[in-house]
There are 2 protein chains.
Amino acid sequence: MSSENRGLTERKKQILKAIVDAHIEGGEPVGSKYILQNRQLNCSSATIRNEMAELEDMGYLEQPHASAGRVPSELGYRFYVDSLIERYAMTTNEIAQINALLKAKMGELDQILLAASNLASSMTNYTGIAIKPKINSVSIGKFDTIFLEPDHYILVAVDSENNVKSKHLHTDVPILTQNSVAKLARVLNLYMTGLSAEQITLPIIMKMEADMGSESALVSDAIKVVYDLLNESDSGEMRVSGIDRLLQYPEYSDVSQLQALLGTLEKKEDILNLVSQSENEDISVVIGSESQVKVMNNSALVFKPIVKDGKTLGAIGVIGPRRMDYAKVLATLEGLSGNIENMIHSNKQLNGGESDGGK
Amino acid sequence: MSSENRGLTERKKQILKAIVDAHIEGGEPVGSKYILQNRQLNCSSATIRNEMAELEDMGYLEQPHASAGRVPSELGYRFYVDSLIERYAMTTNEIAQINALLKAKMGELDQILLAASNLASSMTNYTGIAIKPKINSVSIGKFDTIFLEPDHYILVAVDSENNVKSKHLHTDVPILTQNSVAKLARVLNLYMTGLSAEQITLPIIMKMEADMGSESALVSDAIKVVYDLLNESDSGEMRVSGIDRLLQYPEYSDVSQLQALLGTLEKKEDILNLVSQSENEDISVVIGSESQVKVMNNSALVFKPIVKDGKTLGAIGVIGPRRMDYAKVLATLEGLSGNIENMIHSNKQLNGGESDGGK
DNA sequence: TTTAGCACTCACTGCTTTTGAGTGCTAAAA
DNA sequence: TTTTAGCACTCAAAAGCAGTGAGTGCTAAA
């Protein structure tokens, strides 16, 4: 279908762009007359009508009903996004806003992502999303233990990404001492450093238990925790902000549309999948039913992965009606992600993990 | 106003209850005839009309317009909730469901709360909220450090609640060694154990720096982190689930109502305040504009704090239309919170903190 | 004090009419 | 061959309007 794009005359492109722009702005179907008045084109409304009819035949436009104006089709939006857009230049004002607000929230990546999604939402006036993808190729880096009381200790595990995970443990081993837990840490470090979840095999566990002697019970506790931490904790997560903004767009005044979209946002899996399937590091634009997510028929999702050292740490994006101000959205996400990546790169103190109990 | 409640005759109470019940069920204004047919009362519709007129004078009922039926007022709901309700007994089925699902999610309190809010939402069919209040009286329990590379280490802090917080640090101290960071941990433990954020004074910091000798730079890094961790990390948080459920109730088909409510849910502060202001450990029911949150005019919020050893660890609740099935909601929250508190008490392994990097 | 009866109110429904934005087509102009 | 002007046609949406009925308040009788 992209071969057809070449076939568009310059004037057709102009008209298509004009229609998309006008429809993004007003939300209503646009007619030939309106275009004639508001955009400069050296031809009459009749010509425009003819062109519009052809564009409709080619699949770029749709007509809600016979006597209404035209509305861009999915293909129309796609063409617009891919080739017609003039990247929206962010004002210095907006850049300053981004910096100020991101700095205020600096800290863990998670908070940055959340803040960025909030910003994206408020700057574009659509709904923002922050995504932390599932990371599954993590291996263990280092262990430490902290002795608390004769039946409590804390196990701290650092993974290969230098993320810290810790868990408060209770044990029934008779007399737990500072030495026991220190020994546990030594043993765990000795045998498990560099292993991923799959590589933790029974022989290894048995060797560790042997080394721990009478306190071998600690090992199985620890293993369980390590396993959980490697597998579960970093399952993908997604946060949504600015849902209320959706309501200002007439396309969601139809309750069933809104309900469907909100349901998808609640479930999260669909969108998480969509985002994690995208391989490239660039901005992705998913318009309507291009994706398998049926529910998004009337909506569009734009997202940008946050990448550091070739690793995808997360993504930010916005969701809104199909007639989205793509230029602005693209520029905003681009700007935000650039800022985030800069922050991550420039300030090493931030790039590891921070964590706090029970969060 | 509760003195007036006493003045209600038994029949008035019955009629009021009948009206609230009917309105909760159907959502429509209820008329005298409907009550006569569907609830057993030994009187005619005319009598009911008279009583209804009086109840309206007394402020328990409202009339949307002259020829419509009656709708319970805020006061009416309040009276209903306070005195008429027959606590909804949860079916064993539902209890089993709670247990199964909570167990699956067991782990940190945060996840439990979130799972509980999801459950509350799906069981009651309203929107669920999970709240972790601001904790500000935390002091430092213990420190540990983990050496990674000559310019990286991880600082682990355990607070008085045995929550673990950790942060990945980068340092410029010339040659960072395993010993340096171990020494840092010893010094921090020596001087700061038991202190709260306010108690960290300059003399203490200077003593620690003196003890660290040439590596005194590490101290100021650590202090900054500790300070941040104590203050920031446990700021209140609130998660919302099941927003889409709101849409099935006709009171939110008015977009402005919905928008207002969603806005409040987004902002979070209002609700967080509301919840943290409530002192008692029981279920609270906030109906409409009883609270200062203007936006909730048409809605009701029911929440139950989760308490352990006299400390409020969080809260779960639901938000929905004012005509909420209070009996069911109260029973569900009661049941859920009981389960959560049991889990926390019975399984020491869970009650500490778990944390994972970057979450 | 309760009930039956009755006039009254008013949102809602379904119907027709009007309006007007927008089209497609044809024939003239470029 | 392409563009334009003109005109008839379409059809959703708005406006107007009568009829319906659930529900009320009030009065007078039980």
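Sequence lines set the chain letters: A, B, ... in the order given, protein chains first and strands last, and positions in each chain run from 1.
- Between B:Ser67 and B:Glu51, it is B:Glu51 whose nearest contact on DNA chain C lies nearer the 5' terminus.
- Residues A:Leu246 and A:Ile319 approach most closely at CD2-O, 4.0 Å, considering heavy atoms.
- Rounded to a whole Å, the CD atom of B:Gln37 is 10 Å from the P atom of D:dA22.
- Taking both residues in full, the closest heavy atoms of B:Met58 and B:Leu75 are given as O-CD2, 4.0 Å, listed atom of the first, atom of the second, then distance.
- The listed nucleotides are C:dT23, D:dT4, D:dG23; the one nearest the side chain of B:Lys33 is D:dG23.
- A:Tyr34 has its OH atom 10 Å from the P atom of C:dG22, to the nearest Å.
- Look at C:dT3: its Watson-Crick or wobble partner, with both distances under 3.5 angstrom, is D:dA28.
- Picking from C:dG24, D:dA5, D:dG25 the nucleotide with the shortest atom distance to the side chain of B:Ala53 gives D:dG25.
- Residue B:Arg70 places at least one side-chain N or O closer than 4.0 Å to OP1 or OP2 of D:dT24.
- Under the Watson-Crick or G-U wobble criterion, with both distances below 3.5 Å, D:dT1 is paired with C:dA30.
- When the C1' atom of D:dT4 is taken as reference, atom CG of A:Leu36 falls 11 Å away, rounded to whole Å.
- Nearest nucleotide to the A:Ser44 side chain, out of C:dT2, C:dC10, D:dT4: D:dT4.
- Mapping B:Ile48 and B:His65 onto DNA chain C via the closest heavy atom, the residue that lands nearer the 5' end is B:Ile48.
- The closest donor-acceptor contact from the side chain of B:Glu62 to the backbone of B:Arg70 lies at 3.5 Å or more, if one exists at all.
- In this structure, C:dG20 and D:dC11 make a Watson-Crick or G-U wobble pair, each of the two defining distances being under 3.5 angstrom.
- Considering all non-hydrogen atoms of both residues, A:Ile316 and A:Ser337 come closest at CD1-N, 4.2 Å.
- The aromatic ring centres of B:Tyr60 and B:Tyr80 sit 6.0 Å or more apart.
- Counting non-hydrogen atoms under 4.0 angstrom, B:Ser32 reaches the backbone sugars and phosphates but no base.
- When distances are taken from the side chain of B:Arg11 to each of C:dT2, D:dC26, D:dT4, the shortest belongs to C:dT2.
- If you take CD1 of B:Ile15 and C1' of D:dT24, they are 15 Å apart, rounded to a whole angstrom.
- Taking atom CD of B:Glu54 as the reference point, atom P of D:dT24 lies 15 Å away to the nearest angstrom.
- In this entry the distance linking CD1 of B:Ile35 with C1' of D:dG23 reads 12 Å, nearest Å.
- Closest approach to the B:Ala46 side chain among D:dG25, C:dT3, C:dC25 is made by C:dT3 (side chain taken as heavy atoms from C-beta onward).
- The interatomic distance linking A:Asn50 (CG) with C:dC25 (C1') rounds to 9 Å, in whole Å.
- Atom CZ of A:Arg49 and atom P of D:dC9 are 16 Å apart (whole Å).
- In this structure, the nucleotide among D:dT24, C:dA4, D:dT4 sitting nearest to the side chain of B:Gln63 is D:dT24.
- Checked against D:dT10, D:dC26, C:dC10, the side chain of A:Ala66 finds its nearest nucleotide in D:dT10.
- Considering every non-hydrogen atom in both B:Lys268 and B:Met238, the closest pair reads NZ-O, 3.2 Å.
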